[in-house]
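A short write-up of the structure that comes next.
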Amino acid sequence: MKRLFEDTRLLDKAAREKLELSDDVMMENAAAALQSHVKGGNVLIVCGSGDNGGDGYALARRLGDCVVWSVLPAKSPSCLRQKARAEKAGVPVFEGDVSALKGEFLRESSVGGVSAAADATVGDLDQQPWNKAGFSTIVDCIFGSGFHGEPSEPIARAIRFLNELDAFKLACDVPSCLSCAGADSRDDIFWADETVTMGALKKVLYAEYSKDYVGSVFCADLGVTSSLFEGLADSSCEADSGESKVAVSLVSQAAPSFMLLEESDFSAPRREKACVHKGTYGHGAVLTGEKEGAGIIAGKACFAYGAGLVTLVREAGEEQTKGATSFASCPPELMSSTRLPGNATAAALGMGLGRGAEAERNAEARLSQLAESSISCILDADIFYLRSLPEFLEKSCGKRELVLTPHPKEFLSLLRICGLFAEDVLQETQIKSPVSYVIKKREKLSAEFCAKYPGLVLLVKGASPLISVCKYGKIRHFVNPLGKNCLAKGGSGDVLSGLVCALLAQGYPALDAALQASLAHSLASRRITTDYGMTPQMLIEAVRYL
C-alpha cells in the first residue's frame, strides 16, 4: 500500500526546515523526473505563475529542444527565478494567447514549407485546420495540486486547445484543473497520458472522477527517498522543542488516513494445510430474492473463491410460486434451502431482492432472521432501500463482521435512510444531481457513515472503489485503482458480493475481506481481454486462478 496525501506542500515545507532541502534542489529533482518521461523532441511546456510553472521552466532549461508557453505571468519566487534562468539559457518563451500561438506555429509547418494558413488573420485561425503534429510532447505545468475553483476563460481555452493537440501529454504533479472533475466529461481539464506527481501521491489523483484525466501515475523523489519524505508527516509529531512549532503543526495535519491499494497487496485464500475437509473453509449462505439470477451469480463466486459450502436460501414457498423448474436453475455445486443453514459462517443479502411491496416484506423477514444470529454478513443492492436497515446496522456494531457494498445511487439511498444526507445540500454547490454530489463527496460522506456505525466496513463501488472503516475513533480509507472498465456490466457487483461472502465464511475480518475481495475483483478484470463482452462467469473463472 502507498499513502495518499491531501496536500504535499506541507511536506515540502517540512523538507526545507528539517532536511534543509532548498526549493531549488526539490525543483531540479522535479524537472529531472519530468525529463525522464518526455517523449521525442520539439516539446511544448505550458507554464503557470506558481511553483508548478517553475518546474516547467526548469525542465525547459534541461531539454533545450522546446518552447515554453507562459499562459500566466510568473509570480512565485521560485517560478520567477527559474524563468530567468531558462531565458538566460536561450529557451524561447511565448506569452501570447491561443490564437497568437496558433498563428505563430502555423506559419512554419513541420511537414515542410510554409503553411497555407500563413496569410489568414489571427481571428480566422481558430476555424482553420492546422498542423497538430508539430510537438511530440505537451507538458502541463499550469497549476499544481493547490488549485481550486474554476479556471478563467483564457486558461480554459488554453487547456481545450492543448487537449486537441495530437501529441503525448504529460502532467506535472496533477493535471491542471483536476479538482473540477465531476460527472460530466470536461474539456477544460488537462487530459494526461501520464502524470508525474511530486514527492508523494495525492488523493485527488485517485478520486472517482479522476481516472480518465490522470493516465498512468508516477511518483518522483525530490531529493530524498519517498519513505523519508512521507515520514515527515509522522516524525514531525516527535519534533525537538527547538524546531518550528508551526511546521510541526502543519505537517501533522498532512498525516494521511488514505491508503492506495497495489497489486502487491493481494493475497488469495491459499490452502496450506492437508488434513482438512469442506467444513474447514466455512459455509456461505446467499439469500436470494425475486431476481434470483443475481443470487446465483453471488453463490457461484462465493464457491469459486474458496468457501467450502454454499447454499442458496430461497423464500419459503418460492418453489411453488415460481414453478418447479426454479430450483433446477441452482448450479449443481451449490445447495438450496428455504432456511438459513445452522452451520452457516457468513451470509450475503440484497442482490436481486427487488423493490416492490412483496420484495420489501421478504427483505424484512430475511433481515430479521439475520438479526437473530451473529454470523458475518455482506449487504448489497436493494437492501439499501429498506427503512429498517439502520436498526440492523446499529445492533450489528461490535456484534458481527459486516461489509456493505453500495454503488453510488444505493449509497445515496443508504445515507438518506440513515439520516446522513441533507436534501438542501445541492443548493450550496454547483453539483446538479444528488448522485453526482455523493460521488464527488464520497470521502466525507463515507467518513460520516462509518463514524455513525463504527466497525462496519463500507465499500462504495465505482471506477476506483473506496473502502472505509472507523476503528478506535479513527477513520481509515483505502482506494482501489486497479479495475478495468469491463466491470461496468450487470452482475459484476454480484460477483464482488460473492467474493466478500467467501472470505467472511472462511473467517476473514470484515476489513480484510473487503480489501482482498476488491483486489481479486479488479485483478480478475485485468485478465479479461474484451472491454465490452465480459460476463459474470468470465469474471468468476478469472478469479479462480489468480
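The model shown is predicted, which means the values in this text are computed figures rather than measured ones.
Closest of all the heavy-atom pairs between L415 and F449 is CD2-CB, 4.4 Å. Minimum interatomic distance between P175 and F190 (heavy atoms only, all atoms of both residues): CB-O, 3.3 Å. Taking all atoms of both residues into account, the shortest heavy-atom contact from F229 to A200 is CE2-N, 4.1 Å. T338 and V313 make their closest contact through C-CG1, 4.0 Å (heavy atoms, listed as atom of the first residue, atom of the second, distance). Closest of all the heavy-atom pairs between L349 and L287 is CD1-CB, 3.8 Å. Nearest heavy-atom pair, A285 versus P341, reported as atom, atom and distance to 0.1 Å: CB-CD, 4.1 Å.
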Problem - Worked verdict on Y385 versus L353 for side-chain contact (heavy atoms from CB on, under 4.5 Å) - result: CA-CA 11 Å; Y385 296 91; L353 277 181; over 6 Å; no
Exercise for the section: Could you go through the side-chain contact (heavy atoms from CB on, under 4.5 Å) check for F5 and L11 one step at a time? Expected result: CA-CA 10 Å; F5 292 80; L11 298 181; 3.7 Å; yes
Exercise for the section: Show your reasoning for whether salt bridge (Lys or Arg N to Asp or Glu O under 4.0 Å) applies to E541 and R544. Expected result: CA-CA 5 Å; E541 290 303 317; R544 291 182 192 273; 3.0 Å; yes
Practice task
Dump the intermediate steps for side chain to side chain donor-acceptor pair (under 3.5 Å) on K202 and T197, then the final yes or no.
Solution key: CA-CA 8 Å; K202 285 81 176 172; T197 196; 3.0 Å; yes
Exercise for the section: Start with the C-alpha gap between E448 and I475, add the side-chain angles, then the distance that decides, and say whether side-chain contact (heavy atoms from CB on, under 4.5 Å) holds. Expected result: CA-CA 9 Å; E448 291 174 357; I475 304 292; over 6 Å; no
Exercise for the section: Determine, stepwise, if the pair C172 / D140 fulfils side-chain contact (heavy atoms from CB on, under 4.5 Å). Expected result: CA-CA 6 Å; C172 174; D140 164 31; over 6 Å; no
Handout entry: Candidate pair E208 and K441, rule salt bridge (Lys or Arg N to Asp or Glu O under 4.0 Å), full reasoning
Key = CA-CA 10 Å; E208 177 63 9; K441 303 292 184 179; over 6 Å; no
Handout entry: Pair K169-E194, salt bridge (Lys or Arg N to Asp or Glu O under 4.0 Å): steps then yes or no
Key = CA-CA 7 Å; K169 297 182 178 68; E194 291 182 3; over 6 Å; no
Practice task
Report the C-alpha separation of H477 and S468 in whole Å, then their side-chain angles, then the decisive distance to 0.1 Å, and conclude whether the side chain to side chain donor-acceptor pair (under 3.5 Å) test is met.
Solution key: CA-CA 4 Å; H477 298 287; S468 307; 2.8 Å; yes
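Within the 4.5 Å cutoff, the side chain of F421 has heavy atoms near those of the V438 side chain. Using a 4.5 Å heavy-atom cutoff, the side chains of K461 and P406 are not in contact. For the pair R476/L511, a side-chain contact is recorded, criterion being any heavy-atom separation below 4.5 Å from C-beta on. Looking only at side-chain heavy atoms (C-beta outward), M335 and V310 stay at 4.5 Å or farther from each other. Using a 4.5 Å heavy-atom threshold, the side chains of N480 and E262 count as separate. Between V469 and L456 there is no side-chain heavy-atom pair separated by less than 4.5 Å. Residues L379 and L389 form a side-chain contact, since some pair of their non-hydrogen atoms from C-beta on lies under 4.5 Å apart. Residues N52 and I142 fail the side-chain proximity criterion, which asks for heavy atoms closer than 4.5 Å.
Ion pairing between R526 and E263 holds under the 4.0 Å rule for side-chain N and carboxylate O. The pair E391-K395 meets the salt-bridge criterion, since a charged nitrogen lies less than 4.0 angstrom from a carboxylate oxygen. Residues R416 and E423 are paired through a salt bridge, judged by an N-O separation under 4.0 Å between the basic side chain and the carboxylate. Between K203 and E443, at least one side-chain nitrogen of the basic residue sits less than 4.0 Å from a carboxylate oxygen of the acidic one, meeting the salt-bridge criterion.
Using a distance-only test at 3.5 Å, with no hydrogens or angles considered, no donor-acceptor pair links the side chain of S210 to the main chain of Y206. D193 contributes no side-chain N or O that, together with a main-chain N or O of G215, makes up a donor-acceptor pair within less than 3.5 Å. One N or O on the side chain of S522 and one on the backbone of S518 form a donor-acceptor pair closer than 3.5 Å. In this structure a side-chain-to-backbone donor-acceptor pair under 3.5 Å is present from K489 to Y532. The main-chain N or O of I375 is found under 3.5 Å from a side-chain atom of R400 such that the two form a donor-acceptor pair. Side chain of K440 to backbone of A181: a donor-acceptor contact under 3.5 angstrom is found. Formation of a donor-acceptor pair under 3.5 Å by the T405 side chain with backbone atoms of D380 is not found in this model. A donor-acceptor distance shorter than 3.5 angstrom exists from the side chain of S368 to the backbone of E364, with no hydrogens or angles considered. Within the 3.5 Å criterion, the main-chain N or O of C418 finds a donor-acceptor partner in the side chain of K452. Here the side chain of T195 pairs a donor or acceptor atom with the backbone of V214 at under 3.5 angstrom.
Using modelled atom types and a 3.5 Å distance limit, the side chains of S267 and Q516 yield no donor-acceptor pair.
The SG atom of C486 lies 5.0 Å from the CD1 atom of I528; values are rounded to the nearest 0.5 Å. To the nearest 0.5 Å, the span separating CG on L312 from SG on C330 amounts to 4.5 Å. Between the NZ atom in K300 and the CD1 atom in I540 there is a gap of 5.5 Å [rounded to 0.5 Å]. Rounding to the nearest 0.5 angstrom, the gap separating the CG atom in L519 from the CZ atom in F478 is 11.0 Å. Rounding to the nearest 0.5 angstrom, the gap separating the CG atom in L404 from the SG atom in C450 is 9.0 Å.
Residues satisfying the side-chain hydrogen bond (donor to acceptor under 3.5 Å, both in side chains) criterion with E230, sequence neighbours excluded, are absent altogether. Residues passing the side-chain contact (heavy atoms from CB on, under 4.5 Å) test with E153, sequence neighbours excluded: A156, R157, R160.
In this structure, R271 satisfies the cation-pi test against Y281, with its NZ or CZ atom closer than 6.0 Å to the six-membered ring centre and inside 45 degrees of the ring normal.
No more than 12 heavy atoms of other residues, nucleotides or ligands sit less than 6.0 Å from atom NZ of K2. For E358, the CD atom sits in a loose shell: 12 or fewer heavy atoms of surrounding residues, nucleotides or ligands are nearer than 6.0 Å. For K399, the NZ atom sits in a packed shell: over 12 heavy atoms of surrounding residues, nucleotides or ligands are nearer than 6.0 Å.
Taking the six-membered ring for Trp and thresholds of 30 and 60 degrees, F143 and F147 have nearly parallel ring planes, at less than 30 degrees apart.
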